[in-house]
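The block underneath contains the structure these notes are about, expressed in structure tokens.
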Amino acid sequence: MSPSSNGAAVTLVTRQQCLDLYYYMRLNRAVEDQMMKLFRQNKIVGGLYSSLGQEAISVGTAYALEKRDWIAPMIRNIGALLVKGVKPRDIFTQHMAKFTSPTQGKDGTSHFGDLKNLHIVSPISMLGDLIPVMTGVAMAGRYLGQGIVTMTWIGDGGSSTGAFHEGLNLAATQRAPFVLILENNQWAYSTPVSRQVPVRDLAERGRAYGITSVTVDGNDAIAVFEASRAAVAQCRAGDGPVLIEAKTMRMKGHAQHDPAEYVPKAMREYWEARDPIALFEKYLDANKLWDAKSKQEIETRIAALVKEDLEFAENSPMPPPELAEQGVYCEGCHTIEAEWHRSKAEVTPPESSVAAGWNVKDFGGIETSAPGGNGASARPAAITPQQSAGKAVSEPLGKAVQASAGRALQKSSGRPIQQSSPAKKIAEVPERRPFGRGPKGKRGGGR
Ligand SMILES: Cc1ncc(C[n+]2csc(CCOP(=O)(O)OP(=O)(O)O)c2C)c(N)n1
Ligand SMILES: [Mg+2]
């Protein structure tokens with residue numbers, strides 16, 4: 001397994017951390033395997049998206065965070081939700097639109113959050129909008145003195161949107177304690193990365209904004225965890241943001257309805273041989289971090305948890321019809337209070353007042369500087385008659401317009417609409433001189 005990829009001091013990953021990473025990856029897969037069965041039984045409401053083959057990314061990144069930190073997951077980040085403390089039953093009930101789900105059956109997939117306890121911002125879009133949102137959360141946390149780091153994920157396709165670039169630039173400019181995980185899973189629906197972006201490593205996109213950007217093997221749980229841990233430490237130290245590109249492969253179609261027949265066979269086989277869970281099992285074996293008994297214990301624990309939570313979800317009722325008209329508008333149900341972790345006096349005047357670092361003479365003025373000043377004038381220099389819009393621009397343009405107007409008129413009706421020559425007619429229109437563009441009555445005539 002790779003050492004820390006961004007050059008940070010390498011701290012060993014403990015045995016317990018390795019076993020935790022394995023547990024969450026296995027749980028992630030077990031929950032999704034179960035949901036695939038539910039989908040085929042027609043018990044899932046809406047679409048079902050798979051993170052098969054990407055578990056090391058969701059788990060390895062979220063595992064680097066602390067409880068106080070904030071995440072905003074994407075559709076393929078169920079692993080991150082589990083690490084953050086969401087229970088499998090919440091994921092099952094949410095996908096089945098049950099009354100016991102976090103949204104009481106009002107929304108599906110991973111469209112739910114928990115601002116109060118787990119610090120999860122509900123997804124608003126797959127395509128980049130969470131980047132400015134999580135930048136804002138990071139800035140707010142810094143302002144309130146909370147010492148938090150925020151994290152969200154984006155796909156290779158999502159990294160080509162305006163929201164991605166605007167958000168990342170904002171994060172970079174504000175030095176927000178924010179980690180962006182770019183899951184390069186080779187496909188954006190049916191478009192391969194090579195036909196979408198002319199660069200090899202999508203981490204280049206972060207470098208363009210002057211932020212630390214690294215590329216890691218997204219199927220190597222230790223590499224992902226180490227890079228994420230270093231990124232979180234960098235952000236916590238005030239040197240964020242950080243972008244981590246994790247190269248991986250989307251092993252299913254975009255969603256259950258997509259058989260992904262466009263994926264070349266050789267490509268699929270290459271990645272099948274690099275399954276992140278199988279790779280990690282080999283790592284645990286080779287480093288004697290577990291034995292057959294501890295592996296069996298993990299399997300038994302996961303099977304029992306999934307069974308219990310599935311039963312809970314299956315036995316849960318659908319929402320009552322009258323719920324549909326409740327909670328549509330907020331009627332005082334949300335009282336969001338800022339959690340100050342430092343004295344407000346620190347961020348309010350006079351303590352927060354900072355003397356301006358620079359001063360420009362006559363800044364904001366409209367009059368010319370006094371004689372003997374720096375000579376700069378706040379008023380634009382007078383426009384010379386030659387520069388004025390009059391002659392130079394409008395005459396040739398006028399001729400071009402009148403010629404084409406004449407052609408258009410003749411073409412549309414087969415004969416000129418007006419008997420008089422269009423050229424002569426347009427020539428009679430007085431020259432238009434926009435107000436304030438030059439001295440009146442000079443060359444070129446006025447109004
Ligand atoms: C504005 C908009 N257009 C299209 C979609 C549908 N859509 C959702 S995800 C996606 C592809 C995203 O690809 P990528 O960012 O690579 O993420 P991946 O699915 O591979 O995880 C598309 C086309 C959408 N949700 N919103
Ligand atoms: Mg993709």
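Numbering of residues begins at 1 and proceeds along the displayed sequence. These numbers were taken from a predicted model, which means no experiment stands behind them. Atoms within a ligand are numbered from 1 in the order they appear, just like the ligands themselves.
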Would Arg89 count as a cation-pi partner of Phe312, with NZ or CZ less than 6.0 Å from the six-membered ring centre and within 45° of the ring normal?
-> yes
Hey, is Trp187 touching ligand 1 through its side chain, its backbone, both or neither, going by heavy atoms under 4.0 Å?
-> backbone
Does the N or O separation between Tyr189 and ligand 1 drop below 3.5 Å for any pair?
-> no
Identify the closest protein heavy atom to atom 19 (O) of ligand 1: which residue and atom is it, and at what distance?
-> Arg76 NH2, 2.8 Å
Ranked by distance from atom 15 (O) of ligand 1, the top protein heavy atom is Gly158 N, 2.7 Å
Please assess Ser58 against Trp153 for the test side chain to side chain donor-acceptor pair (under 3.5 Å), listing each intermediate value before the final yes or no.
-> CA-CA 9 Å; Ser58 283; Trp153 294 259; 5.1 Å; no
With Pro102, the side chain to side chain contact (heavy atoms under 4.5 Å, CB included) member among Asp107, Val86, Ile91, Thr93 | Thr93
Which of the atoms in ligand 1, numbered in the order shown and given with their element, are less than 4.0 Å from a heavy-atom of Asn185?
-> 18 (P), 20 (O), 21 (O)
Can you figure out which of Leu202, Leu127, Val193, Asn184 has its heavy atom closest to atom 2 (C) of ligand 1?
-> Leu127
Lys87, NZ atom: more than 12 neighbouring heavy atoms under 6.0 Å | no
Side chain to side chain contact (heavy atoms under 4.5 Å, CB included), paired with Glu32, selected from Leu48, Leu27, Leu52, Ile78 | Ile78
Which of parallel (below 30°), tilted (30 to 60°) and perpendicular (above 60°) describes Trp290 and Tyr22?
-> perpendicular
Correct closest heavy-atom pair for Met267 and Val263 would be SD-CG1, 4.3 Å
Return yes when atom CG of Asn42 has more than 12 non-hydrogen atoms of other residues, nucleotides or ligands closer than 6.0 Å, and no otherwise.
-> no
Name the option, out of Gly47, Ser51, Gly157, that contains the heavy atom nearest to atom 14 (P) of ligand 1.
-> Gly157
Check ion pair Glu314-Lys98 (N to O, under 4.0 angstrom) | no
Here the atoms of ligand 1 under 4.0 Å from any heavy atom belonging to Gly155 are 14 (P), 15 (O), 16 (O), 17 (O)
Can a protein heavy atom be found under 4.0 Å away from atom 24 (C) of ligand 1?
-> yes
Criterion salt bridge (Lys or Arg N to Asp or Glu O under 4.0 Å) against Lys247, the qualifying member of Asp220, Asp201, Asp217 = Asp201
Among protein heavy atoms, which lies nearest atom 11 (C) of ligand 1, and at what distance?
-> His254 CE1, 3.9 Å
Side chains of Asn185 and Asp156: closer than 4.5 Å at any heavy-atom pair?
-> yes
Atoms listed for the Mg ion (ligand 2) (protein only, N, O or S, under 2.8 Å, no waters) are Asp156 OD1, Asn185 OD1, Trp187 O
